[in-house]
Amino acid sequence: MTTQTPLIPLPAPIARIATLAGAAAALAGTLLPWTWTSEFPGDLTVTAYPGGLQVLTLTGAILTLLFTATGYGIPGLRWLTPGGTNSPVRLLALATLGTTGYAMGAISYELGGVVNLEPGAWVSGIGALVAVIASLALPSDAPLPADGPEPNTWQRFRNSLAAPSAPRAKALPAWAEILVIAAAFGLALYIFTYGIDIPTEDSEQFIGFLITAVFAFTALTRAGLIARITALTSKHRNVTLTAALVAAFCFPFTQNTAEYALIGANILIFATVALGLNVVVGLAGLLDLGYVAFLGVGAYTAALVSGAPLSAIGVQFPFWAAVLTGAVVSLIFGVLIGAPTLRLRGDYLAIVTLGFGEIFRVTVNNLNGNSGPDLTNGSQGIPSIPDLNLFGIDFGLTHDIGPFTLSRPANYYLLMLVVTAVVVLVFRRSGDSRIGRAWVAIREDETAATAMGINAFRLKLLAFALGATLAGLAGTVQAHVNYTVTPEQYQFAGSVPPNSAFLLAAVILGGMGTLSGPFVGAALLYLIPAKLQFMQDYQLFLFGIALVLLMRFRPEGLVADRRKQLEFHETDQLDVPKPRKSDETDAGIAKAGA
């Protein structure tokens with residue numbers, strides 16, 4: 001095995017020093033003004049006080065300096081790069097250049113030309129460019145076969161960004177591993193809070209945030225750090241779940257406005273429903289294209305029994321009773337729909353479930369007293385759903401807890417967090433159980449699973465019913481959060497999640513069959529459209545392009561289990577070396593002599 005020649009012929013020590021110098025210049029440029037007017041979002045006119053996009057460039061430059069320094073073998077830093085040091089440096093340098101270049105382009109476009117760029121922007125831009133060029137001169141971390149063909153320039157560039165899988169992490173004391181997990185979730189909470197706190201009208205900063213986050217996450221993956229943290233979280237699963245819940249619980253206390261807390265509550269609803277769909281699609285392998293209908297069943301049931309003025313039933317259950325009613329009704333619908341349809345497979349099952357989703361939407365739209373019984377108020381929906389009152393706490397009012405003030409959305413966020421914890425517990429227990437293993441067997445090969453004695457129909461119906469119940473559970477909370485339920489909220493595809501297409505995409509994007517994958521996918525698919533509203537007319541187009549790129553470069557999802565990684569990347573494994581011609585000749589002579 002040999003390493004390939006760098007893209008730029010430059011001695012490695014000089015290349016590393018040049019990378020450090022370029023990153024340092026990019027960092028220094030953030031301390032200088034980037035433009036002369038505060039009209040550009042983020043106020044980039046202040047000296048020695050970075051703001052807006054400058055903060056993102058500063059972050060990329062610091063990470064580039066840190067990971068470049070690991071190449072000198074510093075013991076404390078080498079733990080960050082078990083999979084290689086040079087490919088992460090290239091990606092982080094690209095992140096710095098991408099964010100800085102985008103900022104310079106946005107300033108020039110919005111303010112009317114490059115004349116509006118101050119020296120600080122040029123210093124950061126040139127420094128980032130130098131760091132990228134110098135990083136390409138670093139030797140590759142990816143080994144190549146000694147007798148393989150010489151790669152072309154594009155293959156060499158791709159190989160320069162690749163890195164071997166991370167080796168097993170050195171054993172740390174148990175308390176140190178727990179501290180690493182806690183620090184990882186604390187950092188994740190900070191990054192998520194930073195992204196969600198970017199004002200909706202400041203789309204430039206959010207796009208820069210996405211550029212930095214994507215390249216930085218890829219760099220950490222190439223470095224092997226994500227693999228190490230994943231290994232620790234798998235080893236301490238209870239600690240990991242506790243840390244995740246604590247981080248999620250702290251989120252509303254970091255928000256000063258109700259708008260972002262409402263986004264957080266809706267993300268939890270979206271993620272919880274996606275996790276329920278993950279039981280059906282990720283574990284049992286059933287392609288359900290009408291899953292959002294079960295969310296609607298739970299929401300409409302809660303609206304009818306929660307004392308809404310326009311409810312045709314005219315009753316008001318306590319919240320716990322409304323939750324149970326919504327979950328049970330969704331369970332019944334899941335069994336009624338699944339019993340006659342789950343004998344189908346593949347595309348046929350997908351078509352039937354898609355039809356069920358549309359039947360549900362059309363039915364509740366027609367139950368208006370004219371086309372059918374007066375039950376759901378037709379297209380007007382059921383408005384004015386009253387706020388909850390649990391244990392004497394009115395969820396419609398603000399509440400002070402020490403120095404913090406919890407708004408109405410924050411109250412529902414915390415309630416939804418409890419529901420999410422219940423759904424996570426159910427998913428985890430069912431996935432680790434004998435039934436969960438049977439679901440995976442059915443997903444991999446239903447014929448082989450049936451031959452081994454597994455009752456495939458009964459278990460598929462159980463998965464369908466469980467997924468419907470979890471969706472109905474989340475729907476009961478969604479009805480109170482949104483004040484109203486209407487048929488348009490439960491379409492197959494639309495510009496506003498959750499809908500069936502976005503739910504399925506959240507599962508695939510995050511990682512099918514995993515616990516954290518749907519949460520990552522749901523957060524991205526809900527947060528990005530909410531922040532980039534100016535691209536609403538092109539949302540589905542861009543969404544399709546993103547899915548195509550994901551399927552091409554990371555088909556297993558952002559958070560993938562080991563099985564999916566091996567399944568989708570089995571061709572990436574090193575082939576058995578072919579015998580040389582001289583070996584074949586020797587073997588032929590030996591055979592002839594025998």
Side-chain angles (χ1 to χ4, degrees), residues 262 265-266 268-270 272-273 276 290-334 336-337 356-390 393-397 408-409 411-413 415-416 418-420 422-423 468-492 494 496-500 503:
L262 180 60
N266 284 321
L268 273 186
I269 294 173
F270 190 12
T272 303
V273 181
Y291 187 75
V292 74
F294 297 118
L295 175 68
V297 169
Y300 266 97
T301 302
L304 289 171
V305 301
S306 295
L310 295 183
S311 171
I313 298 179
V315 298
Q316 184 170 3
F317 288 179
F319 177 67
W320 64 268
V323 168
L324 292 179
T325 304
V328 170
V329 173
S330 298
L331 169 64
I332 295 173
F333 270 84
L336 292 177
I337 299 302
F356 165 66
E358 290 302 302
I359 289 172
F360 168 78
R361 184 180 61 83
V362 173
T363 300
V364 296
N365 195 40
N366 289 337
L367 296 180
N368 55 7
N370 296 322
S371 303
D374 186 10
L375 183 63
T376 63
N377 201 26
S379 61
Q380 301 299 319
I382 303 177
S384 303
I385 300 174
D387 283 308
L388 297 176
N389 194 311
L390 295 177
I393 300 175
D394 190 341
F395 278 57
L397 303 176
R408 176 186 180 274
N411 298 331
Y412 281 104
Y413 172 90
L415 174 63
M416 194 61 217
V418 176
V419 176
T420 302
V422 173
V423 174
T469 304
L470 298 180
L473 191 67
T476 58
V477 180
Q478 185 202 35
H480 292 86
V481 172
N482 295 339
Y483 281 124
T484 182
V485 290
T486 59
E488 288 72 19
Q489 295 175 344
Y490 309 105
Q491 303 178 14
F492 167 72
V496 180
N499 52 65
S500 292
L503 288 170

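Only a predicted model underlies this, so the values are computations on that prediction, with no experimental measurement involved. The figures that follow rest on heavy atoms only: side chains count, while hydrogens, waters and symmetry mates do not. Positions are given from 1, in the same order as the sequence printed here.
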Subject >> Considering all heavy atoms, the nearest P383-P309 contact >> reply: O-CD, 4.3 Å
**OP:** For Q491 and V292, work out which heavy atoms get closest and say how close.
**Re:** O-CG1, 3.5 Å
Subject >> Close side-chain approach of I393 and N411, heavy atoms under 4.5 Å >> reply: no
Original post:
Can you name the closest pair of heavy atoms from T484 and I382 and give their distance?
Top reply: OG1-O, 3.1 Å
Original post:
Which class fits the ring pair Y300 and F360: parallel under 30°, tilted 30 to 60°, perpendicular over 60°?
Top reply: perpendicular
Original post:
With distance as the sole test, does D387 use its side chain to make a donor-acceptor pair with the main-chain N or O of D394 at under 3.5 Å?
Top reply: no
Original post:
Does a side-chain heavy-atom distance below 4.5 Å link F319 with V477?
Top reply: yes
Subject >> Sole residue of V328, V329, V323 in side chain to side chain contact (heavy atoms under 4.5 Å, CB included) with T325 >> reply: V329
**OP:** Compare all side-chain heavy atoms of Y413 with those of L262 and state whether any distance is below 4.5 angstrom.
**Re:** no
Original post:
Should S330 and T469 count as side-chain neighbours, where that means a heavy-atom distance under 4.5 Å?
Top reply: no
Original post:
Measuring from T376:OG1 to L367:CG, what's the distance to the nearest 0.5 Å?
Top reply: 4.5 Å
Original post:
Does a sphere of radius 6.0 Å around OH in Y490 hold more than 12 heavy atoms from other residues, nucleotides or ligands, not counting ones at 6.0 Å or beyond?
Top reply: yes
Subject >> Check: L324 and F317 side chains under 4.5 Å, non-hydrogen atoms >> reply: no
**OP:** List the steps, then state whether side-chain contact (heavy atoms from CB on, under 4.5 Å) holds for L415 with L390.
**Re:** CA-CA 10 Å; L415 174 63; L390 295 177; 4.2 Å; yes
**OP:** Measure from the side-chain N and O atoms of T486 to the backbone N and O of G381, and report whether any donor-acceptor pair falls under 3.5 Å.
**Re:** no
Original post:
Sub-3.5 Å donor-acceptor pair from the side chain of N365 to the main-chain atoms of R361, do we have one?
Top reply: no
Subject >> Any donor-acceptor N/O pair, T476 side chain to A299 backbone, under 3.5 Å >> reply: no
